[in-house]
Amino acid sequence: MAIWYEGNRNLAKNAREKDGVEYYVRGLREVEGGRFERYAVKTHFVERGEDYVELFRRYVSPLYQAGDIVSMSEKVISMCQNNTVEMKDVKPGFWAKFLSKFATHNNNGIAMDEPYKLQLAINLKGLPLILWGVFCGAVARVFGKRGVFYKIVGQDVAGIDGFYSHSAFETYHTLAVLNPREPEKVCREIYEALGISCMLVDANDIAVEILGTSPDIADRSHAFLAELIRDNPAGQDDELTPFVLIRDIGDAPAEEYEPLVAIEQPKE
């Protein structure tokens with residue numbers, strides 16, 4: 001079930017600071033009998049080519065305690081890997097322009113109703129697969145089933161982010177960010193360098209996809225890990241909180257927290 005919030009989630013009353021690192025309490029979440037408090041860590045705007053291990057060292061290490069799990073946004077890792085495509089390098093053709101007119105609009109961001117994004121999907125996967133996905137998706141919607149298109153074309157298409165003219169960050173107006181390369185390797189490198197348990201996720205207000213985990217938590221089910229951040233504590237606005245530290249606090253009292261107010265659905 002999607003949980004929608006409007007605007008920036010970094011409420012002043014939830015702000016904290018430790019060793020020069022700013023973070024925000026995101027409230028308690030109970031999963032499989034555990035009580036987990038989440039802290040969204042604020043960073044600078046991460047540019048292409050930065051070192052994700054150094055980002056963890058700078059922003060996460062000062063807050064991390066043994067037993068914590070850190071969720072990291074796929075977009076930040078892809079920016080570090082420079083796994084991006086600029087709009088000027090994508091030329092929408094007939095099929096992208098035509099099919100985008102019939103695509104489902106996504107209030108959560110830019111979907112395949114954006115010709116540039118659809119053309120990028122065609123470039124990545126080939127026109128035949130995209131046409132097959134569109135056909136099967138259309139048939140499935142008649143029977144009330146959604147998400148078939150992305151199941152057919154793959155997570156790499158579902159994970160395309162960007163070309164979003166309403167983004168709070170101008171960079172993403174003309175830049176698409178692809179899924180990070182080798183997500184398991186990314187998590188392993190961070191764990192081996194810093195001893196930080198982590199997971200790489202594609203999360204928004206609709207769904208959570210676990211792309212990779214560090215080896216020490218590889219036995220945790222993806223369903224369990226996804227539930228820890230089901231309400232998308234990293235945010236969808238201009239929070240600049242790509243890292244979320246998740247801590248099992250047991251029977252300890254939770255930190256004072258001003259809850260966010262969920263809305264029924266995002267505004268158009």
Side-chain angles (χ1 to χ4, degrees), residues 1-6 29 31-32 71 73-75 78 85 90 92-167 172 176-180 183 199-213 220-237 261-268:
M1 179 179 178
I3 304 173
W4 303 98
Y5 298 102
E6 186 176 25
R29 190 162 180 82
V31 181
E32 296 185 7
S71 167
S73 160
E74 91 292 353
K75 182 182 288 186
S78 291
V85 178
V90 180
F94 167 78
W95 284 109
K97 294 176 182 177
F98 176 71
L99 294 174
S100 63
K101 297 177 182 178
F102 305 98
T104 302
H105 175 69
N106 181 358
N107 285 304
N108 195 62
I110 294 297
M112 291 300 153
D113 55 335
E114 165 53 62
Y116 280 92
K117 187 169 183 177
L118 185 50
Q119 183 61 54
L120 180 53
I122 292 171
N123 294 348
L124 290 173
K125 307 297 287 189
L127 180 60
L129 182 62
I130 297 299
L131 289 175
W132 177 242
V134 169
F135 172 76
C136 293
V139 172
R141 279 200 299 273
V142 173
F143 297 97
K145 188 173 182 180
R146 298 187 176 275
V148 171
F149 171 80
Y150 289 111
K151 288 182 179 178
I152 290 174
V153 301
Q155 175 61 31
D156 47 346
V157 170
I160 297 173
D161 200 356
F163 294 160
Y164 185 30
S165 62
H166 296 96
S167 173
Y172 297 128
V177 182
L178 307 182
N179 266 354
M199 59 181 179
L200 180 49
V201 307
D202 182 359
N204 53 45
D205 286 341
I206 297 177
V208 177
E209 182 81 18
I210 308 299
L211 304 180
T213 65
R220 300 287 189 99
S221 74
H222 283 196
F224 167 78
L225 295 173
E227 282 304 314
L228 296 175
I229 55 168
R230 181 63 63 191
D231 54 341
N232 191 21
Q236 287 292 117
D237 203 79
V261 178
I263 59 176
E264 292 185 2
Q265 62 181 10
K267 292 182 179 179
E268 293 284 348

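Only heavy atoms go into these numbers, but all of them, side chains included; no hydrogens, no water, no symmetry mates.
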How close do V157 and A121 get, heavy atom to heavy atom, and via which atoms? CG1-CB, 3.9 Å

How about L228 and R29: do any of their side-chain heavy atoms sit closer than 4.5 Å? no

Do L131 and L99 touch side chain to side chain, with heavy atoms closer than 4.5 Å? yes

G126 backbone acceptor or donor facing N123 side chain under 3.5 Å: no

Is the CZ atom of F224 crowded by more than 12 outside heavy atoms at less than 6.0 Å? yes

Atom of A96, atom of P115 and distance for their closest heavy-atom approach: CB-O, 3.6 Å

Non-neighbouring partners of E209 that pass side chain to side chain donor-acceptor pair (under 3.5 Å), sequence neighbours left out: none

I130 and F149, any side-chain heavy atoms less than 4.5 Å apart: yes

Tightest non-hydrogen contact, residues V201 and I210, listed as CG1-CD1, 3.7 Å

Is there a side-chain contact between Y150 and M112 (heavy atoms, below 4.5 Å)? yes

Would the distance check show the side chain of D161 and the main-chain N or O of K75 forming a donor-acceptor pair, the cut-off being under 3.5 Å? no

Can you name the closest pair of heavy atoms from S71 and I229 and give their distance? OG-CD1, 3.6 Å

Shortest non-hydrogen separation from G133 to V153 and the atoms involved: CA-CG1, 4.4 Å

Is there side-chain contact between D156 and L178, with heavy atoms separated by less than 4.5 Å? no

Can you confirm whether N179 sits close enough to Q155 that some side-chain heavy atom of one is under 4.5 Å from a side-chain heavy atom of the other? yes

Taken to the nearest 0.5 Å, the spacing of K117 NZ from I122 CD1 works out to 13.5 Å

What's the separation between atom OG in S78 and atom CG in L200, rounded to the nearest 0.5 Å? 7.5 Å

NZ-CG distance between K125 and L120, expressed to the nearest 0.5 angstrom: 11.5 Å

Nearest atoms (heavy-atom pairs only) where I152 meets C136: CD1-CB, 3.3 Å

Measuring from R220:CZ to E32:CD, what's the distance to the nearest 0.5 Å? 9.0 Å

Anything under 30° is parallel, anything over 60° is perpendicular, the rest tilted; go ahead and classify F98 against F102. perpendicular

Quick check on F143: does its CZ atom have over 12 non-hydrogen neighbours (other residues, nucleotides or ligands) under 6.0 Å away? no

Could you grab the distance from atom CG of D202 to atom CG of L211, nearest 0.5 Å is fine? 5.5 Å

Of all pairs that satisfy side chain to side chain donor-acceptor pair (under 3.5 Å), the ones with a partner from residues 92-101, not counting sequence neighbours: none

